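Encoded as structure tokens, the structure appears first; notes follow it.
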Amino acid sequence: MTDLIVSTIQECCVLIHKLVREAPLKNNHGEYDHKENNKNVSNDIVQKLDILSNNILISHLSTLPLIYSLASEENENELICNKEGKYRVVFDPLDGSSNISAGIPTGTIWGIEDLSNNYEMIRSGYAMYSSSLYFLDTGVDLNKKDISLSVYDYSVNKFQEIDKKGIKKMKQYSINESNTLRWDHSVCDYILYLKENGYTQRWIGTMVADIHRTILYGGVFCYPVEKISKNGKLRLVYECRPMALIFRKLGGMAVNTTTLENILDMDIKNIKNNIHQKCGVIMGDKNLVEIFLERNKVLKSKL
Ligand code: F6P
């Protein structure tokens, strides 16, 4: 049932990739020029391409009868499309937009929630606009390994599934290390543990690209909350939950760095209206995430 939604998202991603590729030539780099306010609900500066990408997704998806509503990073409230629809589609239309003007990889994160089952995320993925147009789809069956990674073949205008076998695993972790002074003790302890065990740090600053590398090379991706504000940066509904489903299907794990709950099992209060809530997150290799949880327990028991 959700195949039509996913193929429509794919069509949109091909159009967004064109926008991203042509942005330097068409003067589409830079901030969105809005007279009163050029920040979104999360206080990020909105770029021209954020708006253009959002418009593409909304115009294509809102006509599908299966979709009840859309929840986008760029809209304050969920947009109701078809009262008879069964699903809510959530998305960050252009993730990593602060990297756009430098031509660094960006992406689109998407997820499909089942309204009849308490907004359960049933399918998700991302597109990455990079050396190629990559598209990851978890597939429909949550118990089957039908996850696929494909690349858009411009010579035949379609996505072709690629083989990931043979990619060498590496000891890497991904975190914005300039925030070290704002992390709480458990995160500092964990990153020190990774360093002592031969892991090296990588950070592109586009969640899609950092997650994509983590999927292929192994390791963990982390964006914890700040010690004082207790606010993370990444949004639960259209960033963390879609990525958490990908890791669950790959045998990995995603947890909230504060409550230590599994991201997909979190009881989200008011998920319908509160679409921009944030949380701290660590996700990736199951064993490495479990080490974070165990060290956390030991530290807490010493308090
Ligand atoms: O959506 C927020 C985002 O752009 C993510 O794609 C990325 O992981 C993160 O922010 C980068 O944050 P920072 O600029 O703090 O490193």
Side-chain angles (χ1 to χ4, degrees), residues 13 16-17 20 23 29-32 38-54 57 71-76 90-111 124-130 134 136 172-184 187-188 191 201-217 219-244 246-247 254-257 263 275-284:
C13 293
I16 297 172
H17 188 215
V20 170
H29 273 165
E31 292 170 19
Y32 175 59
N38 68 345
K39 292 193 173 166
N40 64 19
V41 188
S42 306
N43 232 15
D44 298 334
I45 294 175
V46 178
Q47 309 283 321
K48 284 184 204 166
L49 286 186
D50 285 320
I51 300 298
L52 295 170
S53 309
N54 196 38
L57 283 155
S72 163
E73 181 190 4
E74 303 306 337
N75 294 94
E76 188 167 349
V90 301
F91 51 87
D92 178 352
L94 198 61
D95 170 56
S97 55
S98 66
N99 276 331
I100 291 173
S101 300
I104 293 169
T106 49
T108 297
I109 306 171
W110 58 271
S124 69
Y126 59 77
M128 183 172 73
Y129 312 115
S130 176
Y134 287 86
L136 186 135
Q172 294 182 346
Y173 65 94
S174 199
I175 193 165
N176 181 344
E177 209 133 10
S178 65
N179 293 335
T180 308
L181 298 178
R182 301 203 285 265
W183 298 339
D184 77 17
V187 179
C188 296
I191 298 300
Q201 186 258 10
R202 294 284 183 274
W203 189 250
I204 295 168
T206 296
M207 188 186 196
V208 165
D210 283 310
I211 292 286
H212 183 73
R213 188 197 50 253
T214 305
I215 289 170
L216 295 183
Y217 292 175
V220 280
F221 169 92
C222 190
Y223 209 117
V225 297
E226 295 189 358
K227 201 165 31 185
I228 301 174
S229 70
K230 295 285 174 217
N231 273 327
K233 179 172 187 190
L234 300 180
R235 277 61 55 101
L236 190 54
V237 169
Y238 46 79
E239 293 182 312
C240 299
R241 280 178 20 115
M243 295 304 195
I246 295 171
F247 282 112
V255 300
N256 178 322
T257 53
I263 295 287
I275 61 175
H276 302 286
Q277 62 185 300
K278 300 173 178 177
C279 78
V281 69
I282 172 168
M283 51 177 83

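These figures come from a predicted structure and were not determined experimentally. Each ligand, and each atom within it, is numbered from 1 in the order the structure gives.
From L181, atom CG reaches atom NZ of K227 across 7.5 Å, with rounding to the nearest 0.5 Å. Considering CG of D210 and CZ of F221, their distance stands at 5.5 Å, rounded to 0.5 Å. Here C222 contributes atom SG and I191 contributes atom CD1; the two are 5.5 Å apart, rounded to the nearest 0.5 Å.
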- Step by step, work out the ring-ring contact (aromatic ring centres under 6.0 Å, His included) result for Y173 and W203. CA-CA 8 Å; Y173 65 94; W203 189 250; over 10 Å; no
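The shortest N or O to N or O distance between N179 and ligand 1 is not under 3.5 Å.
Against a heavy-atom cut-off of under 4.0 Å, T206 is close to the following atoms of ligand 1: 6 (O). Within ligand 1, the atoms closer than 4.0 Å to a non-hydrogen atom of D95 are 1 (O), 5 (C), 6 (O), numbered from 1 in the order shown. Of all the atoms in ligand 1, the ones that sit under 4.0 Å from a non-hydrogen atom of R235 are 1 (O), 2 (C). Contact atoms of ligand 1 toward E239: 1 (O), 2 (C) (distance under 4.0 Å to a heavy atom of the residue). Short contacts between ligand 1 and M207, defined as distances under 4.0 Å to a heavy atom of the residue, involve ligand atoms 5 (C), 6 (O), 7 (C), 8 (O).
At least one donor-acceptor pair closer than 3.5 Å links the side chain of H276 to the backbone N or O of N75. Looking at T206, its side chain never comes within 3.5 Å of a backbone N or O of V208 through a donor-acceptor pair.
For atom 4 (O) of ligand 1, the nearest non-hydrogen atom from the set G205, S97, S98, S174 comes from G205. Among K278, K233, E177, E73, the residue whose heavy atom lies nearest to atom 10 (O) of ligand 1 is K233.
Scanning the protein for heavy atoms near atom 16 (O) of ligand 1, the closest one is N176 ND2, 2.8 Å. Taking atom 15 (O) of ligand 1 as the reference point, the nearest protein heavy-atom neighbour is Y223 OH, 2.5 Å.
Using a 4.0 Å cutoff on heavy atoms, D210 does not count as a contact of ligand 1.
Residues S124 and I246 meet the side-chain proximity criterion, which asks for heavy atoms closer than 4.5 Å. By the 4.5 Å heavy-atom criterion applied to side chains, Y223 and T257 are not counted as neighbours.
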